[in-house]
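Note: hydrogens, waters and symmetry copies are ignored here, and every other heavy atom, side chains too, is used.
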Amino acid sequence: MTPPPSLRVVIAPDSFKGSVTAGDAARAIADGWRGVRPRDALVLAPQADGGEGTLDALEATNPGSVRRSAGPVTGPDGQPVPGEWLQLADGTAAIEMAQMSGLPLMRTLDSLGATSRGLGEVIRAAIDAGAPRLLIGIGGSATTDAGVPLLEAIGDRMPPPGGALVLTDVTAPLLGPHGAAAVFGPQKGASEQDIAVLEERLRRAAMRIGGDPDEPGAGAAGGVGFALSAWGARLTSGAAFVAQATGLSTELDSCDILITGEGRFDHQSLTGKVVGSILSAAGNRPATVGLIVGSAAAAPPCWHVALADLAGSTEAAIADPQHWLIEAGRAAASELT
(Lines give C-alpha, C1' and ligand atoms only; values in the text may rest on other atoms or scores of the structure.)
Protein backbone atom coordinates (compact mmCIF):
# COMPACT_ATOMS: atom_id res chain seq x y z
CA MET A 1 0.00 0.00 0.00
CA THR A 2 1.29 3.47 -0.91
CA PRO A 3 1.84 5.57 2.23
CA PRO A 4 -0.18 8.78 2.47
CA PRO A 5 1.62 11.90 1.21
CA SER A 6 3.52 13.85 3.84
CA LEU A 7 2.03 17.16 4.94
CA ARG A 8 3.49 20.36 6.34
CA VAL A 9 1.81 20.99 9.70
CA VAL A 10 2.23 24.18 11.71
CA ILE A 11 1.45 23.86 15.43
CA ALA A 12 1.01 27.32 16.94
CA PRO A 13 -0.85 27.32 20.28
CA ASP A 14 -1.09 29.98 22.93
CA SER A 15 -0.33 28.91 26.50
CA PHE A 16 -3.00 26.97 28.38
CA LYS A 17 -2.85 29.55 31.16
CA GLY A 18 -2.03 28.23 34.60
CA SER A 19 -1.52 24.76 33.18
CA VAL A 20 0.91 24.43 30.23
CA THR A 21 3.20 26.88 28.46
CA ALA A 22 2.73 27.45 24.74
CA GLY A 23 6.02 25.69 24.02
CA ASP A 24 5.13 22.63 26.06
CA ALA A 25 1.66 22.52 24.51
CA ALA A 26 3.13 22.62 20.99
CA ARG A 27 5.54 19.79 21.79
CA ALA A 28 2.82 17.60 23.30
CA ILE A 29 0.48 18.13 20.34
CA ALA A 30 3.37 17.31 18.00
CA ASP A 31 4.10 14.09 19.90
CA GLY A 32 0.50 13.01 19.45
CA TRP A 33 0.48 13.90 15.76
CA ARG A 34 3.70 11.97 15.09
CA GLY A 35 2.17 8.90 16.72
CA VAL A 36 -0.38 8.81 13.90
CA ARG A 37 1.51 10.42 11.00
CA PRO A 38 5.28 10.11 11.55
CA ARG A 39 6.22 11.21 8.01
CA ASP A 40 4.70 14.69 8.21
CA ALA A 41 6.90 17.79 8.54
CA LEU A 42 5.97 19.57 11.77
CA VAL A 43 6.76 23.24 12.48
CA LEU A 44 6.38 24.24 16.12
CA ALA A 45 5.63 27.94 16.56
CA PRO A 46 4.36 28.67 20.10
CA GLN A 47 2.54 31.99 20.25
CA ALA A 48 1.51 34.74 22.66
CA ASP A 49 -0.60 37.89 22.52
CA GLY A 50 1.28 40.24 24.82
CA GLY A 51 0.37 38.22 27.90
CA GLU A 52 1.93 35.18 29.53
CA GLY A 53 4.61 33.61 27.34
CA THR A 54 5.37 36.67 25.22
CA LEU A 55 9.00 36.88 26.34
CA ASP A 56 9.41 33.12 25.83
CA ALA A 57 8.12 33.36 22.26
CA LEU A 58 10.36 36.34 21.42
CA GLU A 59 13.40 34.82 23.12
CA ALA A 60 13.04 31.55 21.19
CA THR A 61 13.25 33.37 17.85
CA ASN A 62 15.81 36.07 18.75
CA PRO A 63 19.33 34.61 19.02
CA GLY A 64 21.48 36.71 21.30
CA SER A 65 18.64 37.95 23.49
CA VAL A 66 19.35 38.13 27.23
CA ARG A 67 17.13 38.33 30.31
CA ARG A 68 17.85 41.40 32.44
CA SER A 69 16.88 41.91 36.07
CA ALA A 70 15.09 45.02 37.28
CA GLY A 71 15.50 43.88 40.89
CA PRO A 72 12.56 43.68 43.27
CA VAL A 73 9.52 45.62 42.05
CA THR A 74 5.98 46.12 43.33
CA GLY A 75 3.74 43.12 42.69
CA PRO A 76 0.03 43.51 41.93
CA ASP A 77 -0.86 43.04 45.60
CA GLY A 78 1.82 45.47 46.77
CA GLN A 79 4.29 42.77 47.80
CA PRO A 80 7.74 42.71 46.15
CA VAL A 81 8.31 40.39 43.18
CA PRO A 82 11.31 39.98 40.86
CA GLY A 83 11.17 42.26 37.84
CA GLU A 84 12.79 41.50 34.50
CA TRP A 85 12.86 42.32 30.83
CA LEU A 86 14.25 40.63 27.74
CA GLN A 87 17.01 42.51 25.95
CA LEU A 88 16.84 41.63 22.26
CA ALA A 89 19.94 41.56 20.06
CA ASP A 90 19.32 45.14 18.87
CA GLY A 91 18.99 46.38 22.45
CA THR A 92 15.19 46.59 22.45
CA ALA A 93 13.71 45.89 25.89
CA ALA A 94 10.74 43.50 25.74
CA ILE A 95 8.61 43.61 28.90
CA GLU A 96 5.76 41.30 29.91
CA MET A 97 3.27 42.77 32.37
CA ALA A 98 2.07 39.31 33.39
CA GLN A 99 5.55 38.66 34.79
CA MET A 100 5.37 41.30 37.54
CA SER A 101 1.70 42.41 37.58
CA GLY A 102 -0.14 39.29 36.47
CA LEU A 103 -3.37 37.90 37.85
CA PRO A 104 -1.80 34.60 39.06
CA LEU A 105 0.50 36.63 41.37
CA MET A 106 -2.48 37.73 43.46
CA ARG A 107 -2.73 35.72 46.66
CA THR A 108 -6.34 36.92 46.94
CA LEU A 109 -8.25 38.60 44.13
CA ASP A 110 -8.58 42.33 44.80
CA SER A 111 -9.95 44.23 41.83
CA LEU A 112 -10.06 47.51 43.74
CA GLY A 113 -6.54 47.30 45.15
CA ALA A 114 -4.40 45.57 42.49
CA THR A 115 -1.70 47.91 41.20
CA SER A 116 0.21 48.35 37.93
CA ARG A 117 3.13 50.11 39.67
CA GLY A 118 5.54 47.20 39.12
CA LEU A 119 5.22 47.48 35.36
CA GLY A 120 6.14 51.14 35.58
CA GLU A 121 9.16 50.26 37.69
CA VAL A 122 10.42 47.78 35.09
CA ILE A 123 9.83 50.28 32.27
CA ARG A 124 11.78 52.88 34.23
CA ALA A 125 14.64 50.42 34.82
CA ALA A 126 14.81 49.53 31.12
CA ILE A 127 14.86 53.18 30.09
CA ASP A 128 17.54 53.98 32.67
CA ALA A 129 19.60 51.04 31.35
CA GLY A 130 19.64 52.72 27.94
CA ALA A 131 17.11 50.62 26.01
CA PRO A 132 16.66 52.31 22.62
CA ARG A 133 13.13 50.89 22.15
CA LEU A 134 10.43 49.26 24.26
CA LEU A 135 8.06 46.38 23.51
CA ILE A 136 5.50 46.17 26.31
CA GLY A 137 3.08 43.23 26.45
CA ILE A 138 0.15 43.97 28.74
CA GLY A 139 -2.02 40.84 28.65
CA GLY A 140 -2.83 38.79 31.74
CA SER A 141 -2.87 41.66 34.21
CA ALA A 142 -4.48 41.75 37.65
CA THR A 143 -5.25 45.46 37.52
CA THR A 144 -8.06 47.90 36.75
CA ASP A 145 -6.35 51.11 37.85
CA ALA A 146 -6.13 53.00 34.51
CA GLY A 147 -2.34 52.73 34.74
CA VAL A 148 -2.11 55.66 37.15
CA PRO A 149 0.42 53.92 39.47
CA LEU A 150 2.34 52.84 36.35
CA LEU A 151 2.72 56.46 35.20
CA GLU A 152 3.70 57.55 38.71
CA ALA A 153 6.48 54.94 38.73
CA ILE A 154 7.77 55.99 35.30
CA GLY A 155 7.96 59.56 36.56
CA ASP A 156 9.34 62.17 34.19
CA ARG A 157 10.88 59.68 31.78
CA MET A 158 9.62 59.69 28.20
CA PRO A 159 9.65 56.84 25.67
CA PRO A 160 13.16 56.15 24.32
CA PRO A 161 14.26 57.42 20.88
CA GLY A 162 13.01 54.29 19.10
CA GLY A 163 9.61 54.61 20.74
CA ALA A 164 7.44 52.23 22.75
CA LEU A 165 5.14 49.66 21.18
CA VAL A 166 2.41 48.19 23.40
CA LEU A 167 1.22 44.66 22.61
CA THR A 168 -2.44 44.39 23.58
CA ASP A 169 -4.52 41.24 23.78
CA VAL A 170 -7.92 42.92 23.49
CA THR A 171 -9.47 45.76 21.50
CA ALA A 172 -11.73 47.02 24.30
CA PRO A 173 -12.15 50.76 24.97
CA LEU A 174 -11.49 52.14 28.43
CA LEU A 175 -15.07 52.87 29.49
CA GLY A 176 -18.63 51.65 29.08
CA PRO A 177 -20.30 48.25 28.72
CA HIS A 178 -17.47 46.91 26.56
CA GLY A 179 -14.72 48.52 28.62
CA ALA A 180 -12.10 47.51 31.14
CA ALA A 181 -14.28 47.34 34.26
CA ALA A 182 -17.46 45.85 32.82
CA VAL A 183 -15.89 43.13 30.70
CA PHE A 184 -12.72 42.18 32.55
CA GLY A 185 -13.45 43.26 36.11
CA PRO A 186 -15.32 40.06 37.06
CA GLN A 187 -12.38 37.78 36.19
CA LYS A 188 -10.23 39.96 38.45
CA GLY A 189 -12.62 39.54 41.36
CA ALA A 190 -14.96 42.52 40.89
CA SER A 191 -18.55 42.36 42.08
CA GLU A 192 -21.29 44.41 40.39
CA GLN A 193 -20.78 47.09 43.02
CA ASP A 194 -17.02 46.99 42.47
CA ILE A 195 -17.49 47.40 38.72
CA ALA A 196 -19.42 50.64 39.29
CA VAL A 197 -16.62 51.93 41.54
CA LEU A 198 -13.95 50.93 39.03
CA GLU A 199 -15.84 52.54 36.15
CA GLU A 200 -15.96 55.84 38.01
CA ARG A 201 -12.24 55.60 38.84
CA LEU A 202 -11.43 54.96 35.20
CA ARG A 203 -13.58 57.88 34.08
CA ARG A 204 -11.86 60.26 36.49
CA ALA A 205 -8.43 58.99 35.48
CA ALA A 206 -9.28 59.57 31.81
CA MET A 207 -10.19 63.16 32.55
CA ARG A 208 -6.96 63.66 34.50
CA ILE A 209 -4.58 61.90 32.10
CA GLY A 210 -6.15 63.30 28.95
CA GLY A 211 -5.81 60.48 26.41
CA ASP A 212 -8.38 58.86 24.12
CA PRO A 213 -10.58 56.45 26.12
CA ASP A 214 -12.24 55.17 22.93
CA GLU A 215 -9.00 54.00 21.27
CA PRO A 216 -9.12 50.24 20.58
CA GLY A 217 -7.02 48.60 23.28
CA ALA A 218 -7.34 51.49 25.72
CA GLY A 219 -9.16 49.13 28.08
CA ALA A 220 -6.44 46.48 27.93
CA ALA A 221 -4.91 45.59 31.32
CA GLY A 222 -7.53 47.58 33.16
CA GLY A 223 -6.62 50.83 31.41
CA VAL A 224 -2.86 50.38 31.19
CA GLY A 225 -3.25 50.52 27.40
CA PHE A 226 -4.91 53.92 27.81
CA ALA A 227 -2.19 55.22 30.14
CA LEU A 228 0.70 54.06 27.94
CA SER A 229 -0.93 55.54 24.84
CA ALA A 230 -1.30 58.87 26.62
CA TRP A 231 2.38 58.58 27.67
CA GLY A 232 3.38 58.39 24.02
CA ALA A 233 3.42 54.66 23.24
CA ARG A 234 1.65 53.10 20.25
CA LEU A 235 -0.86 50.29 20.71
CA THR A 236 -0.92 47.28 18.39
CA SER A 237 -2.23 43.72 18.34
CA GLY A 238 0.09 41.55 20.41
CA ALA A 239 -0.97 38.36 18.66
CA ALA A 240 -0.32 39.80 15.19
CA PHE A 241 3.06 41.20 16.28
CA VAL A 242 4.25 37.92 17.80
CA ALA A 243 3.02 35.99 14.75
CA GLN A 244 5.13 38.23 12.53
CA ALA A 245 8.15 38.22 14.87
CA THR A 246 8.19 34.43 15.18
CA GLY A 247 7.75 33.79 11.46
CA LEU A 248 4.25 32.34 11.77
CA SER A 249 2.86 34.75 9.19
CA THR A 250 5.28 33.33 6.61
CA GLU A 251 4.64 29.72 7.63
CA LEU A 252 0.91 30.15 7.04
CA ASP A 253 1.58 30.69 3.36
CA SER A 254 3.13 27.27 2.85
CA CYS A 255 1.52 24.87 5.32
CA ASP A 256 -1.15 22.27 4.64
CA ILE A 257 -2.55 22.16 8.15
CA LEU A 258 -2.55 24.72 10.96
CA ILE A 259 -3.29 23.83 14.57
CA THR A 260 -3.70 26.49 17.22
CA GLY A 261 -5.16 26.36 20.72
CA GLU A 262 -5.67 27.86 24.16
CA GLY A 263 -6.95 26.92 27.58
CA ARG A 264 -10.51 28.20 27.22
CA PHE A 265 -12.33 29.21 24.07
CA ASP A 266 -15.07 31.79 24.70
CA HIS A 267 -16.48 34.99 23.21
CA GLN A 268 -13.28 36.89 24.10
CA SER A 269 -11.12 34.51 22.03
CA LEU A 270 -12.00 36.26 18.78
CA THR A 271 -11.35 39.81 20.07
CA GLY A 272 -7.58 40.19 19.86
CA LYS A 273 -6.42 36.93 21.41
CA VAL A 274 -3.99 34.51 19.77
CA VAL A 275 -6.63 32.08 18.51
CA GLY A 276 -8.81 34.79 17.01
CA SER A 277 -5.87 36.46 15.31
CA ILE A 278 -4.61 33.19 13.83
CA LEU A 279 -8.05 32.08 12.64
CA SER A 280 -8.50 35.45 10.95
CA ALA A 281 -5.11 35.22 9.24
CA ALA A 282 -5.75 31.64 8.16
CA GLY A 283 -9.07 32.58 6.59
CA ASN A 284 -7.28 33.96 3.51
CA ARG A 285 -5.04 30.92 3.10
CA PRO A 286 -5.70 27.35 1.88
CA ALA A 287 -4.54 25.54 5.02
CA THR A 288 -6.95 23.28 6.90
CA VAL A 289 -7.36 24.68 10.43
CA GLY A 290 -7.82 22.82 13.71
CA LEU A 291 -8.28 24.10 17.24
CA ILE A 292 -7.28 22.35 20.48
CA VAL A 293 -8.65 23.89 23.68
CA GLY A 294 -8.88 23.01 27.32
CA SER A 295 -12.60 23.71 27.28
CA ALA A 296 -15.05 25.57 25.07
CA ALA A 297 -17.70 27.97 26.36
CA ALA A 298 -18.65 28.92 22.80
CA ALA A 299 -18.68 27.07 19.48
CA PRO A 300 -15.36 27.51 17.60
CA PRO A 301 -15.66 28.24 13.86
CA CYS A 302 -13.54 25.26 12.77
CA TRP A 303 -12.74 21.65 13.66
CA HIS A 304 -11.88 21.46 17.35
CA VAL A 305 -11.32 19.14 20.26
CA ALA A 306 -11.49 19.98 23.97
CA LEU A 307 -9.23 18.33 26.51
CA ALA A 308 -12.09 18.33 29.01
CA ASP A 309 -14.14 16.18 26.63
CA LEU A 310 -11.27 13.77 26.00
CA ALA A 311 -10.51 13.47 29.71
CA GLY A 312 -14.12 13.30 30.85
CA SER A 313 -13.99 16.50 32.89
CA THR A 314 -12.15 19.80 33.22
CA GLU A 315 -10.60 18.61 36.47
CA ALA A 316 -9.18 15.49 34.86
CA ALA A 317 -7.77 17.49 31.96
CA ILE A 318 -6.06 19.96 34.31
CA ALA A 319 -4.62 17.10 36.37
CA ASP A 320 -2.63 15.77 33.38
CA PRO A 321 -2.70 18.31 30.54
CA GLN A 322 0.38 16.92 28.76
CA HIS A 323 -1.24 13.51 28.33
CA TRP A 324 -4.49 14.95 27.00
CA LEU A 325 -2.67 17.33 24.65
CA ILE A 326 -0.91 14.30 23.18
CA GLU A 327 -4.29 12.59 22.78
CA ALA A 328 -5.66 15.75 21.18
CA GLY A 329 -2.72 15.75 18.75
CA ARG A 330 -3.56 12.17 17.82
CA ALA A 331 -7.20 13.10 17.27
CA ALA A 332 -6.21 16.03 15.08
CA ALA A 333 -3.93 13.85 12.95
CA SER A 334 -6.71 11.32 12.45
CA GLU A 335 -9.49 13.78 11.64
CA LEU A 336 -7.82 16.67 9.81
CA THR A 337 -6.09 14.57 7.12
Test item: Gln87 side-chain N/O and Arg68 main-chain N/O as donor-acceptor pair under 3.5 Å: no
Same apolar cluster (I L V M F W Y, side chains within < 4.5 Å links), Leu325/Ile278: no
Cluster check Ile209, Leu174: I/L/V/M/F/W/Y, side chain < 4.5 angstrom: yes
For the student: nearest non-hydrogen atoms of Val293 and Leu291, plus distance: CG1-CG, 3.6 Å
Within one Ile-Leu-Val-Met-Phe-Trp-Tyr cluster: Val275 and Phe16, side-chain cutoff 4.5 Å: no
Within 6.0 Å of CE in Met207, more than 12 heavy atoms from elsewhere: no
Trp231 vs Leu150 side-chain heavy atoms within contact, under 4.5 Å: no
Val197: partners by side chain to side chain contact (heavy atoms under 4.5 Å, CB included), with sequence neighbours left out: Leu112, Arg201
Smallest separation among heavy atoms of Ala297 and Asp266, with atom names: CB-CB, 4.0 Å
Separation between CG of Leu248 and CG of Leu252, rounded to the nearest 0.5 Å: 4.5 Å
Contact check, side chains of Thr236 and Thr168, non-hydrogen atoms, under 4.5 Å: no
Rounded distance (nearest 0.5 Å) linking atom CD1 of Ile154 with atom CZ of Arg117: 10.5 Å
Salt bridge (Lys or Arg N to Asp or Glu O under 4.0 Å) assessment of Glu199 paired with Arg203: CA-CA 6 Å; Glu199 182 75 7; Arg203 186 187 66 80; over 6 Å; no
Option from Glu262, Gln268, His267 for which side chain to side chain contact (heavy atoms under 4.5 Å, CB included) with Phe265 holds: Glu262
For Asp145 against Ala114, the heavy-atom pair lying closest together: OD2-O, 3.7 Å
From Ser313 atom OG to Leu307 atom CG, the distance as rounded to the nearest 0.5 Å: 11.0 Å
Short side-chain to backbone donor-acceptor contact, Ser229 and Gly225, under 3.5 Å: no
Non-hydrogen atoms of Arg39 and Ser6 that approach each other most closely: O-CB, 3.4 Å
Chi angles and distances behind the salt bridge (Lys or Arg N to Asp or Glu O under 4.0 Å) call for Asp169, Lys273: CA-CA 5 Å; Asp169 63 336; Lys273 302 289 187 178; 2.9 Å; yes
Verify same cluster id: Trp303, Trp324 (apolar side-chain graph, 4.5 Å): yes
Between Thr143 and Lys188: side-chain donor-acceptor atoms closer than 3.5 Å: no
Atom pair OG/CG of Ser111 and Leu103 - distance to nearest 0.5 Å: 10.5 Å
Side chains of Leu105 and Gln79 in contact at under 4.5 Å (non-hydrogen atoms): no
Leu258 vs Arg285 side-chain heavy atoms within contact, under 4.5 Å: no
List the atom pairs, with distances to 0.1 Å, where a side-chain N or O of residues 121-136 and a protein N or O form a donor-acceptor pair under 3.5 Å, not counting sequence neighbours.
from   : atom 1 : to     : atom 2 : distance (Å)
Glu121 : OE1    : Thr74  : N      : 2.7
Glu121 : OE1    : Thr74  : OG1    : 3.3
Glu121 : OE2    : Thr74  : OG1    : 3.0
Arg124 : NH1    : Ala153 : O      : 2.9
Asp128 : OD1    : Arg157 : NE     : 2.8
Asp128 : OD2    : Arg157 : NE     : 3.3
Asp128 : OD2    : Arg157 : NH2    : 3.2

Considering only distance and modelled atom types, tabulate donor-acceptor pairs under 3.5 Å from the side chains of residues 43-65, sequence neighbours left out.
from  : atom 1 : to     : atom 2 : distance (Å)
Gln47 : OE1    : Ala243 : N      : 3.4
Gln47 : NE2    : Ala45  : O      : 3.0
Gln47 : NE2    : Thr246 : OG1    : 3.0
Asp49 : OD1    : Gly51  : N      : 3.1
Glu52 : OE1    : Ser15  : OG     : 3.2
Thr54 : OG1    : Gly50  : N      : 3.0
Thr54 : OG1    : Gly51  : N      : 3.2
Thr54 : OG1    : Gly51  : O      : 2.7
Asp56 : OD1    : Arg67  : NH2    : 2.8
Glu59 : OE1    : Arg67  : NE     : 3.1
Glu59 : OE1    : Arg67  : NH2    : 2.9
Thr61 : OG1    : Ala57  : O      : 3.1
Thr61 : OG1    : Leu58  : O      : 3.4
Asn62 : ND2    : Leu58  : O      : 2.5
Ser65 : OG     : Asn62  : O      : 2.8

Same cluster (ILVMFWY, side-chain, under 4.5 Å), Val9 and Ile326: no
Close side-chain approach of Thr108 to Asp110, heavy-atom, < 4.5 Å: no
Heavy-atom pair with the smallest gap, counting every atom of Ala190 and Ile195: CB-CG1, 3.9 Å
For the student: nearest non-hydrogen atoms of Cys302 and Gly290, plus distance: SG-C, 4.5 Å
Asp40 side chain to Leu42 backbone, donor-acceptor under 3.5 Å: no
Atom pair CG (Leu165) and CZ (Phe241), whose distance is rounded to the nearest 0.5 Å: 6.0 Å
Intermediate values then yes/no, salt bridge (Lys or Arg N to Asp or Glu O under 4.0 Å), Lys17 and Asp14: CA-CA 8 Å; Lys17 291 180 175 56; Asp14 193 359; 3.3 Å; yes
Pairwise distance CH2(Trp33) to CD1(Ile259) - rounded to 0.5 angstrom: 4.5 Å
Note, Ile11 side chain near Pro13 side chain (heavy atom, < 4.5 Å): yes
